[in-house]
There are 2 protein chains.
Amino acid sequence: MSPHTPAGRARRRVGRPTSRVLSRRMIIETGLRLLDEQGTEGAGMRAIAKELGVQPSALYNHVAGHAELMAGVRELLGERIPVDMFAERPWEEALAEWATLYRSAFAAHPATIALLAVLPLAEDTALTGMYDTVVGTLVRAGCREDRAVSVVVALESFILGSALDLIAADDMLDPGPRDDVPAFSSAYRARAERLAETGQRPADASFEIGLRAMIAGFGAEFGAGPA
Amino acid sequence: MSPHTPAGRARRRVGRPTSRVLSRRMIIETGLRLLDEQGTEGAGMRAIAKELGVQPSALYNHVAGHAELMAGVRELLGERIPVDMFAERPWEEALAEWATLYRSAFAAHPATIALLAVLPLAEDTALTGMYDTVVGTLVRAGCREDRAVSVVVALESFILGSALDLIAADDMLDPGPRDDVPAFSSAYRARAERLAETGQRPADASFEIGLRAMIAGFGAEFGAGPA
DNA sequence: ACCTGAACACCGTTCAAGT
DNA sequence: ACCTGAACACCGTTCAAGT
């Protein structure tokens, strides 16, 4: 039995290949695709290498390691968040839409949320352009300049926390039949009925309610002018 | 050289020990302690077992696995969040203090944040009592009953997201000397100056600003009465 | 019931060898 | 410069054997 190459791909000999077989971009995109298709477990260095038809060690010529690779995935997702709405609509509406799309960018890739939420954003990133747009809008809306960055970070914290909530089970908080927490049991049932009527997911309802409250709160602050 | 036991502890023979050497509680508390002392990497099954002077496999008599163990750690931290303030103070103040202590409970154990943020809360947990108190307060303050649970979840999302922000580097967003993002650069500098004056950490400033906005927003909603 | 000890099936990462 | 192939130093988890 002569050695056969799996999946019909010609086996490479040792030594430098005649043409580049890998690139940083290919690796990161494959990482994101495996994350989507297989979940967190299926997107390790070995799995990505296998998908690309190379040895795991080959990846290290293009990425520093698994953590840096995942940071690349996060940036890839971040770049897809649009900011056009800030030029076109009142700041409250634009901010709400931006936050919703921001959360959706992660929500579309559930397996990434847990992985990416805990990663710091890279320093010099394309996301800085997004911050510039949002911060500029806030200041023009009446936000104190020395508070604008904190406002954006607070919103991002809420967005990320809400994305994490999205991967939790819908019935996670269900108190069940216990009768020692009456206020919670009653409110839980009331919410369940309401959600059943509207067909909304619990995590979506919480996100919407929290987002509206934050934006309303910021609006009151901006309107009040400089303290 | 006869085999010596390390650290002066008598080596156990094989077979069931005469008295219990482990308990679920011991294991979870050791997990939290190692998380604090050594960080995420130092709190694996093997490290916890070593710290307790047992073989890794012994842990599986008391916990289902590493994930379930970490869920226990999270519950341990959650139980330490006090709720007395709701009985004593106006709801806005109580809610703000609760949220701050909630975040501090995680902030006191930085290595846990990334690990615990992505874990769903256990279903039947002591935390349900906390939810009961908070939800009851919100409803009495004028919150619609079918929205109260979502309000609490939204707050928790913000709290967790803010805790994650706490483990990011303080200068993470620094745009540096680039001149293509003027609004952001200017606002970033203004914030840096303000923080230098007050000595506040960036993550703390964002948390405070976001928390006040959310609570103000909820207050406006509650005051408006049922829609 | 609850431990030890050995083994299994994985990881990410390093590095010499090869072109 | 950029790949292969082998090795290193880990993981979490399973399970038979032992008391």
Side-chain angles (χ1 to χ4, degrees), chain A residues 3-7 9-28 30-31 34-35 38-73 111 114-115 118-119, chain B residues 3-7 9-28 30-31 34-35 38-73 111 114-115 118-119:
Chain A
H4 263 278
T5 44
R9 197 173 296 159
R11 182 151 71 193
R12 252 182 311 281
R13 308 214 329 283
V14 294
R16 184 186 184 193
T18 49
S19 70
R20 277 177 144 257
V21 282
L22 290 178
S23 72
R24 179 177 160 81
R25 174 159 209 98
M26 279 173 64
I27 293 170
I28 289 171
T30 303
L34 287 182
L35 235 22
Q38 323 253 21
T40 312
E41 323 261 276
M45 297 301 272
R46 291 175 126 96
I48 293 171
K50 188 167 199 176
E51 186 73 13
L52 288 166
V54 298
Q55 297 296 319
S57 49
L59 303 180
Y60 290 83
N61 291 302
H62 300 88
V63 295
H66 190 253
E68 196 254 4
L69 199 166
M70 288 299 133
V73 172
L115 219 51
V118 299
L119 282 177
Chain B
H4 263 278
T5 43
R9 197 173 294 158
R11 185 152 69 193
R12 254 183 308 283
R13 309 216 325 285
V14 294
R16 184 187 184 190
T18 50
S19 70
R20 274 174 147 259
V21 282
L22 291 177
S23 72
R24 180 178 161 79
R25 175 159 208 96
M26 279 171 63
I27 293 169
I28 290 171
T30 303
L34 287 181
L35 235 23
Q38 323 253 22
T40 311
E41 322 261 275
M45 297 301 272
R46 291 176 125 97
I48 293 171
K50 189 167 200 177
E51 185 73 14
L52 288 165
V54 298
Q55 297 296 319
S57 49
L59 303 180
Y60 291 84
N61 291 302
H62 300 89
V63 295
H66 190 254
E68 197 254 1
L69 198 167
M70 288 299 132
V73 172
L115 218 52
V118 299
L119 281 177

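Lettering of chains follows the sequences in order, A, B, ..., and the numbering in each one begins at 1. These figures come from a predicted structure and were not determined experimentally. Hydrogens, waters and symmetry mates play no part in the numbers below; they use all other heavy atoms, side chains included.
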If we ignore hydrogens and angles and just use 3.5 Å, is the side chain of [X] paired with the main-chain N or O of [Y] as donor and acceptor?
| X | Y | value |
| --- | --- | --- |
| A:His66 | A:Ala43 | yes |
| B:Arg24 | B:Gly72 | no |
| B:Glu68 | B:Ala64 | yes |

> Does anything in residues 15-25 of chain A reach DNA chain D, meaning a heavy atom under 4.0 Å, and if so which residues?
Replying inline: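 The answer is A:Gly15, A:Arg16, A:Pro17, A:Arg20, A:Val21, A:Leu22.
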Below 4.0 angstrom from OP1 or OP2 of [N], is there any side-chain N or O of [X]?
| X | N | answer |
| --- | --- | --- |
| A:Arg12 | D:dT4 | yes |
| B:Gln55 | C:dG5 | yes |
| A:His62 | D:dC3 | yes |

> Under a cut-off of 3.5 Å for both distances of each Watson-Crick or G-U pair, what dot-bracket string does DNA chain C give, using [ ] for crossing pairs and | for inter-strand pairs?
Replying inline: ||.|||||...|||||.||
Within this structure, what is the [atom1]-to-[atom2] distance between [X] and [N], rounded to whole angstrom?
| X | N | atom1 | atom2 | answer |
| --- | --- | --- | --- | --- |
| B:Glu68 | D:dG12 | CD | P | 15 Å |
| B:Ile27 | D:dT13 | CD1 | P | 13 Å |
| A:Arg11 | D:dT4 | CZ | P | 11 Å |
| A:Tyr60 | C:dC11 | OH | P | 12 Å |
| B:Lys50 | C:dG5 | NZ | P | 15 Å |
| B:Met45 | C:dC8 | CE | C1' | 16 Å |
| A:His66 | D:dC10 | NE2 | C1' | 16 Å |
| A:Gln38 | C:dC10 | CD | C1' | 16 Å |

> Side chain of A:Arg13: nearest nucleotide among C:dC15, C:dC3, C:dT19?
Replying inline: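 The answer is C:dT19.
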> D:dC15, D:dG18, D:dG12: which one has an atom nearest the side-chain heavy atoms of B:Val14?
Replying inline: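 Selected nucleotide: D:dG18.
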> Can you tell me how far the CD atom of A:Glu41 sits from the CG atom of A:Leu35, to the nearest 0.5 Å?
Replying inline: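 That separation rounds to 11.0 Å.
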>> Nearest 0.5 angstrom please: A:Thr30 OG1 to A:Arg25 CZ, how far?
In response: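 Answer rounded to 0.5 Å: 11.0 Å.
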>> I'd like to check A:Arg20 versus A:Pro17 (side-chain heavy atoms, cut-off strictly below 4.5 Å). Are they in contact?
In response: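 In short, these two side chains do not touch, never coming nearer than 4.5 Å.
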>> Quick check: do B:Ile28 and B:Met70 have side-chain heavy atoms less than 4.5 Å from each other?
In response: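 Result no, sub-4.5 Å side-chain heavy-atom pair not found.
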>> On DNA chain D, does the nearest nucleotide to B:Glu41 precede the nearest nucleotide to A:Pro56 from the 5' side, or the other way round? Give the residue.
In response: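 On the 5' side of the pair lies A:Pro56.
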>> Is there a side-chain contact (heavy atoms from CB on, under 4.5 Å) between A:Val21 and A:Leu52? Walk through the geometry before answering.
In response: CA-CA 9 Å; A:Val21 282; A:Leu52 288 166; over 6 Å; no
>> Does B:Arg46 contact D:dG12 through a side-chain donor or acceptor facing the base, at a distance under 3.5 Å?
In response: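 Looking at the base of D:dG12, it does pair with a donor or acceptor on the side chain of B:Arg46 (distance under 3.5 Å).
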> Which heavy atom in A:Ser23 sits nearest to a heavy atom in A:His62, and how many Å separate them?
Replying inline: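 Heavy-atom minimum between the residues: CA-CD2, 3.9 Å.
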>> If we check side chain to side chain contact (heavy atoms under 4.5 Å, CB included) with B:Ile27, which of these qualifies: B:Asn61, B:Val73, B:Val54, B:Leu69?
In response: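 So the option named by the test is B:Leu69.
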